[in-house]
Amino acid sequence: MAALDAVLTRIDSNLDQALDRLFALIAIPSISTDPTYAADCRRAAEWLVGELQSLGFDTALRPTEGHPMVVAKARTGRQGAPHLLFYGHYDVQPPDPLDLWETPPFAPRMADMPTGKQIIGRGVADDKGQLMTFVEACRAYKETAGALPCDVTILLEGEEESGSASLPAFLAANRDELAADLVLVCDTGMWDRETPAITTMLRGLVLEEVVIHAADRDLHSGMFGGAAVNPIHVLAKIIADLHDETHRITLPGFYDGVAELPPEIAEQWRHLPQEGHDFLGDVGLSEPAGEKGRSLQEMLWARPTCDVNGIIGGYTGKGSKTVLPAQASAKFSFRLVGQQDPEKIAASFRSFVHARLPADCHVEFISHGASPAHQLPFSSEALTRAVAALRAEWNTEPVLAGCGGSIPIVGAFKQDLGMDALMIGFGLDDDRIHSPNEKYELSSFHKGARSWARVLAALAG
Ligand code: BES
Ligand code: ZN
């Protein structure tokens, strides 16, 4: 206990230097999806290597076909110490649209708001500020106790925001090195600014692009209209057929593996503190649009979805043009829960589309990834210990939450290496991740590091 107190005090007294380090990382524009920034992604990885090396981690920059991985190891030498794999990502989303940023996205700054101080910059909440909460907790242990209480391997990737393309092969090739008792992830959110959360349910994700081809060229809609098939209409009908009038998804077998919530979790979710929460109102909406008879929290955390994220076809320029397009395309995303099988859902979707293709149309499918959901068993010992650690830091009961978003590799940790993930993040719903003026609360950063120090102590036993 004395050791933990010293670690916490160290985090408090080191906050200014910790912020300097975080600002240096944010200033590197590590945008993974845009090849123009490949050297910056590498620079961010190298910066992290230097940081972890200076903390005494056995650290290496590991090349992949895409952006490099950072792997860093610290061992206690203590028999029976739990081995934890901390996962985070150093890549960020593109900052566009740039003109909506009040200050440049990669020139981090501190803003004084009525609710407290905020750090502003692209990637600060997703995921640089979050991953640095863990690194700063490790630093405080190293600088006070001289060692961490658990064996820790840190794995930081640079492609999460573009689908983690290189990570599955990297995991497969380095199983023995990366296998641990438990994965820790800091890439999710709190319930609200006073209430921490442990994400026990993370949704999976299937991304499918569909291109429907009809005539071999664009046609005059007067000369051919009425006789020639219109691929936009075909696509629109497919999209409309995907939900029934109760907003359930109609794909055959789609709900296989979707379980009802355990009653005690449903009960906890019904009683979440609601003060200051207007989830839809905050974005100009009022009515939940998901499945009839489900609560908002269920829709977001415990039910699967099917969404169209983009649709293209025909003439979209200024004015009008009387044209029957030769093709139409759309991008679909399915968020998965429970035991839903991503491969089966992709296959069911493809046959659903095929079954609705009229004569003279053919379809092309492009997969952009498929990852399963993750569920941490509610009976997990690590979960019980983490709850106690967070309760001690925040003086309130942590929420066992779901996460509507996805972290594609978490499913692979479970499927390929048999590891569960304990996901504790300090983001807030209004952090504007993936949006202009992304921010992270100073209290998230500071108490996040303190929380990890406590969680590490709790997991060490
Ligand atoms: N950190 C997010 C996941 C997240 C989203 C956590 C919302 C909490 C709230 C993660 O980096 C992310 O954005 N994932 C993408 C995955 C996609 C780009 C393959 C997502 O969920 O869309
Ligand atoms: Zn993230």
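Counting convention: from 1, in listed order, for ligands and their atoms alike.
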- Item | Asp126 atom (N/O/S) at minimal separation from the Zn ion (ligand 2) | OD1
- Query: Which heavy atom of the protein is the closest neighbour of atom 9 (C) of ligand 1, given with residue, atom name and distance?
  - Reply: Cys403 SG, 4.0 Å
- Note on the structure: Nearest non-hydrogen protein atom to atom 2 (C) of ligand 1, with distance, is Asp126 OD2, 3.8 Å
- Query: Between Arg139 and Glu136, is there a side-chain N and carboxylate O pair less than 4.0 Å apart?
  - Reply: yes
- Query: Should the pair Arg294-Glu260 be classified as a salt bridge under the 4.0 Å nitrogen-to-oxygen rule?
  - Reply: yes
- Task: Below 4.0 angstrom from a heavy atom of His89, which ligand 1 atoms are there? Numbered from 1 as shown, please.
- Result: 11 (O)
- Validate the cation-pi geometry between Lys117 and Phe445: distance from NZ or CZ to the six-membered ring centre under 6.0 Å, angle to the ring axis within 45°. no
- Is the side chain of Gln130 donor-acceptor paired with the backbone N or O of Thr188 at a distance under 3.5 Å, no angle test? yes
- Could you tell me whether any N, O or S atom belonging to Glu160 is less than 2.8 Å from the Zn ion (ligand 2)? no
- Query: Roughly how far apart are Leu184 CG and Leu85 CG, rounded to 0.5 Å?
  - Reply: 8.0 Å
- Does the pair Asp151/Lys73 count as a salt bridge with the N-to-O cut at 4.0 Å? no
- Protein contact to atom 6 (C) of ligand 1 [nearest heavy atom, distance to 0.1 Å]: Asp187 O, 3.3 Å
- side-chain hydrogen bond (donor to acceptor under 3.5 Å, both in side chains) between Ser32 and Ser162: does it pass, once the steps are laid out? CA-CA 6 Å; Ser32 58; Ser162 46; 3.1 Å; yes
- Note on the structure: Ranked by distance from atom 11 (O) of ligand 1, the top protein heavy atom is Glu160 OE1, 2.7 Å
- Message: Can you name the atoms of ligand 1, numbered from 1 with element, that are less than 4.0 Å from a heavy atom of Pro408?
- Response: 19 (C)
- Salt bridge present between Asp241 and Arg356 (N-O < 4.0 angstrom): yes
- Task: Step through it carefully: locate the ring centre of His67, locate the ring centre of Tyr37, and say whether they are under 6.0 Å apart.
- Result: no
- What protein heavy atom is closest to atom 20 (C) of ligand 1, reported as residue, atom name and distance in Å? Arg335 NH1, 3.5 Å
- Item | Gly405 neighbourhood, listing ligand 1 atoms whose heavy-atom distance to it stays under 4.0 Å | 5 (C), 21 (O)
- Task: Could you tell me the residue and atom name of the protein heavy atom closest to atom 7 (C) of ligand 1, and the distance to it rounded to 0.1 Å?
- Result: Ile433 CD1, 3.8 Å
- Task: Starting from atom 18 (C) of ligand 1, locate the nearest protein heavy atom and write down its residue, its atom name and how far away it is, to 0.1 Å.
- Result: Glu161 O, 3.7 Å
- Message: Suppose you place the vertex at the Zn ion (ligand 2); what is the angle out to Asp187 OD1 and His89 NE2, to 10°?
- Response: 100°
- Query: Looking at Phe170, does the NZ or CZ of Arg62 lie under 6.0 angstrom from its six-membered ring centre and within 45 degrees of the ring axis?
  - Reply: no
- Task: Give a yes/no verdict on whether any heavy atom in Gln130 is under 4.0 Å from an atom of ligand 1.
- Result: no
- Answer with yes or no whether Asp127 contacts ligand 1, where contact means a heavy atom under 4.0 Å from a ligand atom. no
- Item | Straight-line distance of Ser329 OG to Ile212 CD1, nearest 0.5 Å | 9.0 Å
- Query: Quick check: does Glu161 put an N/O/S atom under 2.8 Å from the Zn ion (ligand 2)?
  - Reply: no
- Item | Contact check, Glu159 vs ligand 1, heavy-atom distance below 4.0 Å | no
- Taken in chain and number order and not counting sequence neighbours, the residues that satisfy side chain to side chain donor-acceptor pair (under 3.5 Å) with Trp191 are His277
- Query: So which heavy atom in the protein is nearest atom 14 (N) of ligand 1, and how far is it from that ligand atom?
  - Reply: Ser406 O, 2.8 Å
- Item | Test item, Arg203 contacting ligand 1 (heavy atom, 4.0 angstrom) | no
